Amino acid sequence: MTGLPRIQELWRRSGAAGWYVPLAAVLFAVSLVYRDNGTELGGLPTRPFDALALAAIALQCLPLAGSRRWPVLCFAVVSVGFALDQLRGYHSLAGIALPIALLSVASHLEHHRRATAIAASVAYVPLAVALHRLGPGEPPGEFVTFYLAVALAWGVGSWLRHTRGLEAERRRRIAEDTRAAERARIARELHDVVTHHVTAMVVQAEAARYLTAAPDRLDQSLTAVTDTGRRAITDLRHLLDLLNPDHTTEPRTPPAGRLITLVEQTRRAGQPVEFTEEGTPAESTGSADLVAYRVVQESLTNALKYAHGSGTYVRVRHGAGEITVEVGTDGSASKAPGLSGSGRGLAGLRERVDVLGGDFSAEQQQDGGFVVRAHIPAGSPS
């Protein structure tokens, strides 16, 4: 960042209001010390400073300290001091305060901007007429040139106000996009957790009603429902922790063995699952482990929903720099009654894998089965 953008950033960070107070004090002191080369309008002969000159300088410089909070009022006072300075012929350096005050008005005034500009322009006319009559008769072009020079300060202030508004709008949009992305992330997590655990509990509870004649198997089925509910509560607590401002925003990586637990839970729900895991997980995989876990979780949830009882396989391979996941069903069973899907789960998986720069596919097979494949780069912190 160089040049004008850097100046704007420094101005914004330091706070514009903090600059006006030292500026007013320095300009007041300099105007008292250096009495030459000040603003001269109308050609009146320069007059030595007296008590009224001190008042004119004070009226021009000191109001700058409050021009951030009361821009119009301070500009009006500065204008009175400038008129007094020029009509008396002091021609002090304090005349610099007029364009500064006008810039502040254009930069910070929110309402009645056009009326303020018109009022300032109208007020300039009698001052120019009075100076023309009192002076040696300077050409009108001098007054027009001064007016255009001061109007440039208004243009600069308006531009600063515009760029400040664009920056505020940009920051607002970034904040909204960040909130939307975080809501989407939490929604995906909720979908993965709730749909998987609740689907497993529904299937296990449906099976339990047919096991009343087998107390041992009924007890196992109810125990599985209880264990699944406890895991759901644990995962939901983690998601609720994410809403805590003091909680870390780093994604949670499932501990070693969670895939086995996931497969066993699905098996207890009545789904035959063949599980194969190859290779050694890398020490640092970033979010890849969590995404791979979610792919397996969502795929097994869909298998319970739409292919309950059919042969299912899960293959996970840890390679050099990536994790490959493949989950499929053989299509030997029909969809479980009473369960329907919205497609949000697969769409969420695709988004997760795409964020890490991986490949994702979900395809219907000719035999009626379904296969989900994901190649997930490992090591990305996203």
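Because the structure is a prediction, the values reported are computed rather than measured.
Using a distance-only test at 3.5 Å, with no hydrogens or angles considered, no donor-acceptor pair links the side chain of S107 to the main chain of L103. R317 contributes no side-chain N or O that, together with a main-chain N or O of G279, makes up a donor-acceptor pair within less than 3.5 Å. Not a single donor-acceptor pair under 3.5 Å links the side chain of T266 to the backbone N or O of L300. When atom types are taken as modelled, the side chain of T163 and the backbone of L160 share a donor-acceptor pair closer than 3.5 angstrom. Put simply, the side chain of Q86 never gets that close to the backbone of G81: no donor and acceptor are under 3.5 Å apart. With Q60 contributing its side chain and A56 its backbone, the two residues share a donor-acceptor pair below 3.5 Å.
For R170, the salt bridge (Lys or Arg N to Asp or Glu O under 4.0 Å) partners two or more places apart in sequence, or in a different chain, are E167. Remark: R173 engages E169 in a side-chain hydrogen bond (donor to acceptor under 3.5 Å, both in side chains) (not counting sequence neighbours). Y34 is linked by a ring-ring contact (aromatic ring centres under 6.0 Å, His included) to nothing, counting only residues two or more places apart in sequence or in another chain. The salt bridge (Lys or Arg N to Asp or Glu O under 4.0 Å) search around R88 returns D50, not counting sequence neighbours. Legend: residues meeting side-chain hydrogen bond (donor to acceptor under 3.5 Å, both in side chains) with E176, ordered by chain and number and at least two apart, are R172. Remark: A128 pairs with Y124, F143 by the side chain to side chain contact (heavy atoms under 4.5 Å, CB included) rule, at least two apart or across chains. In this structure, the side chain to side chain contact (heavy atoms under 4.5 Å, CB included) partners of E351, at least two apart in sequence or on a different chain, are R188. Among residues two or more places apart in sequence or in another chain, the salt bridge (Lys or Arg N to Asp or Glu O under 4.0 Å) test is passed with E264 by R267. With sequence neighbours excluded, the residues satisfying side-chain hydrogen bond (donor to acceptor under 3.5 Å, both in side chains) with R161 are E110. Considering only residues two or more places apart in sequence or on other chains, S104 meets the side chain to side chain contact (heavy atoms under 4.5 Å, CB included) condition with Y20, S67, P71, H108. Residues passing the side-chain hydrogen bond (donor to acceptor under 3.5 Å, both in side chains) test with E142, sequence neighbours excluded: none.
Annotation: side chain of L62 is in contact with side chain of F28 (closest heavy-atom distance under 4.5 Å). Between E326 and V371, the closest side-chain pair of non-hydrogen atoms falls below 4.5 Å. Proximity of L44 to L131: side-chain heavy atoms (C-beta onward) are separated by under 4.5 Å at one or more points. At least one side-chain heavy atom of Y293 sits less than 4.5 Å from a side-chain heavy atom of L259. When side chains are defined from C-beta on, V296 counts as touching V325, because their heavy atoms get closer than 4.5 Å. Considering only heavy atoms from C-beta on, L102 comes within 4.5 Å of F75 through its side chain. Residues L98 and S79 have side chains in contact (heavy-atom distance under 4.5 Å, counting atoms from C-beta outward). With a 4.5 Å cut-off on side-chain heavy atoms, F275 and V316 count as touching.
Closest approach of Q271 and T312 over heavy atoms only: NE2-OG1, 2.9 Å. Nearest heavy-atom pair across H91 and T46 is ND1-OG1, 3.1 Å. Between L27 and A97, the closest heavy-atom pair is CD2-CB, 3.8 Å. Shortest non-hydrogen contact noted between C61 and A24 is O-CB, 3.2 Å. When all heavy atoms of Y90 and P48 are compared, the closest pair comes out as CE2-O, 3.7 Å. Among all heavy-atom pairs drawn from L356 and P377, the shortest one is O-CG, 3.4 Å.
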Under 3.5 Å, which donor-acceptor pairs link side chains of residues 146-156 to any protein atom two or more places apart or in another chain?
unit_1, atom_1, unit_2, atom_2, d
Y147, OH, S121, OG, 2.6
W154, NE1, S158, OG, 3.4

**Request:** Tell me, with the steps shown, if N302 and F370 meet side-chain contact (heavy atoms from CB on, under 4.5 Å).
**Result:** CA-CA 9 Å; N302 289 337; F370 201 83; 5.9 Å; no
**Item:** CA sep, side-chain torsions, deciding dist, call: Y306, T329, side-chain contact (heavy atoms from CB on, under 4.5 Å)
**Value:** CA-CA 10 Å; Y306 311 124; T329 58; over 6 Å; no
**Message:** Walk me through whether I100 and V78 qualify under side-chain contact (heavy atoms from CB on, under 4.5 Å).
**Reply:** CA-CA 10 Å; I100 295 176; V78 170; over 6 Å; no
**Message:** Assess the residue pair L87 and L127 against the criterion (side-chain contact (heavy atoms from CB on, under 4.5 Å)); give the C-alpha distance rounded to whole Å, side-chain angles, the decisive distance to 0.1 Å, and a yes or no.
**Reply:** CA-CA 8 Å; L87 290 172; L127 175 63; 4.0 Å; yes
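The side-chain tip of R47 does not point at the ring of F49 from less than 6.0 angstrom away and within 45° of straight on.
Hydrophobic cluster membership differs between V125 and V122, with clusters built from Ile, Leu, Val, Met, Phe, Trp and Tyr side chains linked at under 4.5 angstrom. Under a hydrophobic clustering in which Ile, Leu, Val, Met, Phe, Trp and Tyr are joined whenever their side-chain heavy atoms come within less than 4.5 Å, directly or via other members, L23 and I57 fall into different clusters. No continuous path of ILVMFWY side-chain contacts below 4.5 Å connects L64 to L93, so the two sit in separate hydrophobic clusters. L109 and L73 fall into different hydrophobic clusters, defined by Ile, Leu, Val, Met, Phe, Trp and Tyr side-chain heavy atoms under 4.5 Å apart, directly or through other members. V105 and W70 fall into different hydrophobic clusters, defined by Ile, Leu, Val, Met, Phe, Trp and Tyr side-chain heavy atoms under 4.5 Å apart, directly or through other members.
If you check the side chains of T324 and R315, you find no donor sitting under 3.5 Å from an acceptor.
Here T178 contributes atom OG1 and R171 contributes atom CZ; the two are 12.0 Å apart, rounded to the nearest 0.5 Å.
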